Amino acid sequence: MKNFININNVKDYQDLIKESIEIKNNPYSLKKIGVNKTLGLIFFNSSLRTRLSTIKAAKMLGLETIVMNFNNEGWEIEFEEKTIMSKNSAEHVKEAAQVISQYCDIIGIRAFAELKNKNHDESEKILNSFVKYGSVPIINLESSCAHPLQALADAITIEEHKNKPNPKIVISWAPHPKSLPHAVANSFINMARMSNYDLVITNPIGYDLNPKVTKGINVIHNQEEAFKNADFIYAKNWSSYNDYGKILINDNKWMINKRKMEITNNAKFMHCLPVRRNIVVDDSVLDSNYSLVINQANNRTYAAQTILKKIILNEG
Ligand code: CP
């Protein structure tokens with residue numbers, strides 16, 4: 001694998017999940033493959049899980065890591081071509097990506113959607129500029145439209161907890177006071193499609209995701225109807241796609257609570273974290289023994305380790 005930009009970069013997704021679980025069972029079996037190599041982690045946005053789990057994954061493969069937070073440690077980078085840099089940006093990505101590529105053998109990039117201009121976000125300017133001007137493999141640590149490491153960790157978690165081959169999985173919109181991107185939901189839906197799960201999306205009217213992502217998947221605008229017979233409930237907020245980046249409603253009718261979980265088939269509860277308690281989901285669900293949120297965060301390490309291994313060994 002050259003780059004890991006989205007989950008479609010993987011030849012066989014089922015094999016990838018199996019391999020991730022094998023690595024989880026024997027995490028130090030590959031501790032020498034990264035020796036004398038360096039992973040650079042470049043953050044244009046904050047992170048807890050992605051940053052720490054990827055550093056841990058690198059360490060278990062013998063890789064050194066360098067981390068830089070461009071949002072508070074660096075100057076502004078220019079991404080537009082042929083521009084006169086007379087304003088705030090002090091360095092062009094053409095130089096920055098080439099320079100960082102000299103220090104690193106693999107580069108991870110986190111750059112969220114700005115949620116102001118759909119076309120701009122969908123162009124994945126920051127991530128694609130590093131792919132274009134960098135000279136080493138690039139890993140997506142969450143971009144405008146995709147979070148493939150989270151989706152792989154979620155797939156590992158589902159495989160570990162499912163009790164039927166094709167469980168019913170419901171990804172449910174939930175309220176949030178801030179406007180949030182679509183990346184986690186997009187990658188989760190792609191992952192569920194590649195895993196042949198029985199996937200249902202539920203969201204209020206006005207919150208339908210990109211139709212290219214949801215094509216062929218059942219979208220139900222009645223949350224309680226969608227929850228019937230579910231084996232997994234995955235909660236996530238996202239802003240409107242049609243009325244791009246806007247918050248259309250914000251009442252708590254869509255918050256996940258114990259009563260709604262009782263409609264399901266004893267479903268497990270999932271969320272990528274960070275989560276706002278008693279806004280997205282109430283304490284009784286998050287603190288229950290059917291919540292998998294801590295397991296998901298743990299599996300971020302093995303997702304990252306598997307992807308780093310595939311890049312280092314140039315596997316498909
Ligand atoms: N789920 C996730 O990507 O967490 P962080 O934003 O803390 O990295």
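Since the model is a prediction, treat every value here as computed from it, not as a measurement. Note that these values count all heavy atoms, side chains included, but never hydrogens, waters or copies made by symmetry. Whatever order the structure lists ligands and atoms in, that order sets their numbers, starting from 1.
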Quiz item: Does the N or O separation between Arg51 and ligand 1 drop below 3.5 Å for any pair?
Solution: no
Self-check item: Enumerated ligand 1 atoms positioned under 4.0 Å from heavy atoms of Arg300
Solution: 1 (N), 2 (C), 3 (O)
Exercise. Would you check if there is a donor-acceptor pair between the side chains of His147 and Asn186 at a distance under 3.5 Å?
Key: no
Quiz item: Of the protein's non-hydrogen atoms, which lies at the shortest distance from atom 4 (O) of ligand 1, and what is that distance?
Solution: Arg49 NE, 2.9 Å
Quiz prompt | Which residue and heavy atom of the protein sit nearest atom 6 (O) of ligand 1, plus the separation | solution = Arg110 NH1, 2.9 Å
Self-check item: From CA spacing to verdict: side chain to side chain contact (heavy atoms under 4.5 Å, CB included), Ile249, Trp173
Solution: CA-CA 11 Å; Ile249 59 157; Trp173 184 93; 4.1 Å; yes
Practice problem: Heavy-atom contacts with His147 under 4.0 Å: which atoms of ligand 1 show up? List them by number with element. | Solution: 2 (C), 3 (O)
Quiz item: Below 3.5 angstrom, do we get any N/O pair linking Pro274 and ligand 1?
Solution: no
Exercise. Decide, yes or no, whether a salt bridge links Lys168 with Asp231 under the criterion of side-chain N to carboxylate O below 4.0 Å.
Key: no
Quiz item: Do any N/O atoms on Cys272 end up under 3.5 angstrom from N/O atoms on ligand 1?
Solution: yes
Practice problem: Before signing off on this row, confirm whether Ser46 and ligand 1 have an N or O atom pair separated by under 3.5 Å. | Solution: no
Exercise. Look only at the side chain of Asn69 and the backbone of Asn71, and say whether a donor-acceptor pair between them is shorter than 3.5 Å.
Key: no
Quiz item: With a cut-off of 4.0 Å, which atoms of ligand 1 are near a heavy atom of Leu48?
Solution: 5 (P), 7 (O), 8 (O)
Practice problem: Could you tell me whether Glu81 and Lys132 make a salt bridge, using a distance below 4.0 angstrom between a side-chain N and a carboxylate O? | Solution: yes
Quiz prompt | Centroid separation Phe44 to Phe70 less than 6.0 Å | solution = yes
